[in-house]
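Below: one structure, written as structure tokens.
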Amino acid sequence: MCGIVGYIGNKQASPILLDALEKLEYRGYDSAGIAVIDNNKINIKKCIGKIENLRSLVANDEKNGSHIYGNVGIGHTRWATHGKPSDVNSHPHISQSGMVAVVHNGIVENYMELRTFLESKGYKFVSDTDTEIIVQLIDFYYTGDPVAAVRQAISRLSGSYALGIMFADYPWQLIAFRKGSPLIIGLSDGENYIASDIPAILEHTKKIIRLGEQELAVITSESVSVFNSFGERIHKEVQEITWNIDAAQKGGYEHFMIKEIMEQPTVIKNTVSPRISASAIDLGLKNITDKDFRRITNVVIVACGSAYHVGVVAKMLIEKYARIPARAEIASEFRYSDPMVNENTLTIVISQSGETIDTQYAMREAKSKGSKTLSIVNVVGSSIASESDDVIYTWAGTEIAVATTKAYSAQLAVSYLLAFHIAKCRGCIGEKEEQELISELERIPDDIEKLLEGKNQIQFMASKYFNAQSIFFIGRNIDHALALEGSLKLKEVSYIHSEAYAAGELKHGTISLIEDGTLVVALATYMPLFEKTVSNIKEVKARGAQVIAITSDNTSIPEDVADNVVYIPSGYKYIEPMLSIIPLQLFAYYVAANRGCDIDKPRNLAKSVTVE
Ligand code: G6P
């Protein structure tokens, strides 16, 4: 999704902006640009395509005498919403007078009405974007006081947006504003930064301020002043970032995705260990109590994408172990469904980034109806983490690849801890079961390690099937929930059409698509339904399918049922299916690698989706 950067200090801004934009590439984008103030004039370079195109443009123009010099500037990577990817639709946008430049992440919902208004005032538009409305509106209100003009303009905008703004005649300051979409300010000696996300500025500073909802910051090279929506100056905590730039680098791997897959044993350890105290689960919650867990009568889980797939598993676990009616809902649907939640509902909100706007709004909807909200989030201090009543962090570290892997697994681990904790609070399980689960969770990292060591087998399968036109994933119960994620992972990174089906449902329609050679990936790790799943595999095999089966190493699947079998370590009572995601992630990765796809930044996708 769009990325914003800004710099003010005594160095040349453009190389810093270009480097910072590169660090935001993982968010997904289709064009990029920078604007720098030089002698009270705003100069802009922007173009469609990768940052390297922008670098070449800057370098070529420089050779031809068209410099982009100056110590204050803003930059942007755009993920198209209003208007197709093009040079002219790229950001920054500049006002007709040339006085104001803006970079924007988010959506202005009432942009048509504002465009008509501005046209009636004589403004001409050159792009199809909603962002150009913002810059012209600020220009319209500008009479010499930048902050006042920005305030007047934003009071007329609806939607969610983060903005980086500069004025040609105020080359000593940047203005940042945030409503919905995230924005941070990086603090350093004699220079300051703005950015959508920490990796953009990490090589320059580890001190950051997170802008809160509707907060506006005035940033100079020496100072940062933050104001609330009433225009009152407020004190902001400075957060010290504890991880370093290595975490945002590939560390010898070809792609972030494989690096992050390989990090999963550590991630699970880091996520589970701090929550185990004296052989019991301690989630460290501050505002949601055991009494709340006893009091609630239903659970709703809201999330998007892979986090939603974790929600599907969490729903099963909570119903199974804590015996509370639970449902997993796609956040973008939940918000507008007049959902049946009340003060007896616990809403669990799952999000890696903590910034997904659909998830955030779904959480607010649940809150407004009296529900307690408990988030499972990876990014510390993010919007969802801050706004929910309580948070359980997944200690997955920074995840750069757009397709999530390690954060997904960490969310799964937390789901088990949470389901068991709720079950224990409600007297559904005793200490013995709790301890069994804990020892299983503690065994998981070593078994993931073993699966990762066997990655050549998956690599070989990927080389066999990477030309598939269409792939089906089947499984029952939790295996089905994992199949959903396996299928999504594959299509995200390899662009192969794929579908996940409840194995027993296939015969009610989709089996018509199975023909000679169609690849079916079948998960059969949920032992209570093993035989039934094997029957479903036979059904597709009988229709000519090629089958990759994933099952437990204490069972076997005959060769005439599956062409390839991946065995996962057995001996688990509760959580064995959690391991089967590893071969699925590896399969998606290696298939995409064979097809030469842009694995870490798949086309059209964004890491953190901050528009509805
Ligand atoms: C985007 C990403 C997905 C992710 C989803 C939810 O669509 O591409 O990988 O699962 O957003 O993101 P979140 O940060 O809320 O987990």
Side-chain angles (χ1 to χ4, degrees), residues 1-3 24-29 79 81 105 160 180-182 196-198 256-257 260-261 267 271 301-314 328-335 347-364 373 375-388 391-394 396-412 414-415 481-482 484-495 500 581 584-585 588-589 592 597-612:
M1 197 103 313
C2 303
L24 291 183
E25 280 192 301
Y26 72 92
R27 292 167 67 91
Y29 71 107
W79 187 84
T81 55
N105 174 13
S160 65
S181 308
S196 294
D197 204 354
I198 297 164
F256 281 110
M257 183 175 175
E260 289 162 4
I261 289 174
V267 161
T271 301
I301 303 149
V302 291
C304 303
S306 298
Y308 166 73
H309 293 158
V310 173
V312 177
V313 178
E329 302 250 0
I330 292 170
S332 55
E333 290 294 319
F334 175 84
R335 184 192 174 194
T347 302
I348 299 172
V349 187
I350 308 178
S351 174
Q352 186 284 127
S353 62
E355 301 295 349
T356 304
I357 208 86
D358 287 324
T359 311
Q360 197 180 343
Y361 286 168
M363 177 177 74
R364 287 186 190 164
T373 54
S375 61
I376 300 174
V377 170
N378 196 41
V379 177
V380 176
S382 55
S383 305
I384 291 172
S386 316
E387 268 188 50
S388 54
V391 54
I392 306 174
Y393 284 113
T394 46
T398 308
E399 193 177 60
I400 301 284
V402 167
T404 178
T405 52
K406 61 176 182 171
Y408 168 89
S409 292
Q411 290 164 353
L412 271 188
V414 168
S415 301
L482 293 176
L484 292 172
E485 177 61 8
S487 166
L488 176 64
K489 214 71 333 185
L490 181 91
K491 57 190 149 202
E492 277 181 318
V493 296
S494 73
Y495 314 145
I581 196 59
L584 297 180
Q585 293 170 343
Y589 173 76
C597 297
D598 192 356
I599 295 183
D600 288 333
K601 290 169 272 171
R603 68 180 179 215
N604 305 339
L605 295 181
K607 181 81 185 149
S608 168
V609 178
T610 49
V611 294
E612 267 195 86

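In listed order, ligands and their atoms are each counted from 1. Predicted, not measured: the structure shown is a model, and the values here were computed from it. Position 1 is the first residue of the sequence, and the numbers go up from there.
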Which ligand 1 atoms does S306 reach within 4.0 Å, using its non-hydrogen atoms? 10 (O)

To the nearest 0.5 Å, how far apart are CG in D600 and NZ in K607? 9.5 Å

Could you report the tightest heavy-atom contact between V302 and T359, atom names first, then the distance? O-CG2, 4.0 Å

Closest to atom 12 (O) of ligand 1 (heavy atoms only, candidates I350, T356, L488) is T356

Is there any N or O on Q352 that sits under 3.5 Å from an N or O of ligand 1? yes

Contact atoms of ligand 1, heavy-atom distance to S353 under 4.0 Å: 13 (P), 14 (O), 15 (O)

Which segment of A606 sits under 4.0 Å of ligand 1 when only heavy atoms are counted: backbone

Give me the nearest non-hydrogen protein atom to atom 9 (O) of ligand 1 as residue plus atom name, then the distance to 0.1 Å. V402 O, 3.5 Å

Region of V609 that comes within reach of ligand 1 [heavy atoms, distance under 4.0 Å]: side chain

Counting heavy atoms only, which part of K607 comes closer than 4.0 Å to ligand 1: side chain, backbone, both or neither? backbone

Is the closest heavy atom of E355 to ligand 1 under 4.0 Å? no

Check: T359 N/O within less than 3.5 Å of ligand 1 N/O: no

The closest protein heavy-atom partner of atom 3 (C) of ligand 1 is E492 OE2, 4.2 Å

Heavy-atom check, side chain of Y26 versus side chain of D197, under 4.5 Å: yes

Between K489 and S306, do the side chains contain an N or O donor and an N or O acceptor separated by less than 3.5 Å? yes

Any salt bridge (charged side-chain N to carboxylate O under 4.0 Å, His left out) involving residues 347-356? Give me the pairs, sequence neighbours left out, ordered by first then second residue. R178-E355

Can you list the ligand 1 atoms lying under 4.0 Å from a non-hydrogen atom of A307? 10 (O), 16 (O)

Among protein heavy atoms, which sits nearest to atom 5 (C) of ligand 1, and what does the distance come to when rounded to 0.1 Å? C304 O, 3.9 Å

Would you say that Q411 contacts V414 through its side chain, given a criterion of any heavy-atom pair below 4.5 Å between the two side chains? no

Do Y589 and V493 come within less than 4.5 Å of each other through their side chains, counting heavy atoms only? no

Value rounded to 0.5 Å, distance of CD1 in I392 from CD1 in I350: 9.5 Å

Give the numbers and elements of all ligand 1 atoms closer than 4.0 Å to a heavy atom of S351. 13 (P), 14 (O), 15 (O), 16 (O)

Begin from the C-alpha positions of Y29 and E25 and carry the test side chain to side chain donor-acceptor pair (under 3.5 Å) through to its verdict. CA-CA 7 Å; Y29 71 107; E25 280 192 301; 2.5 Å; yes

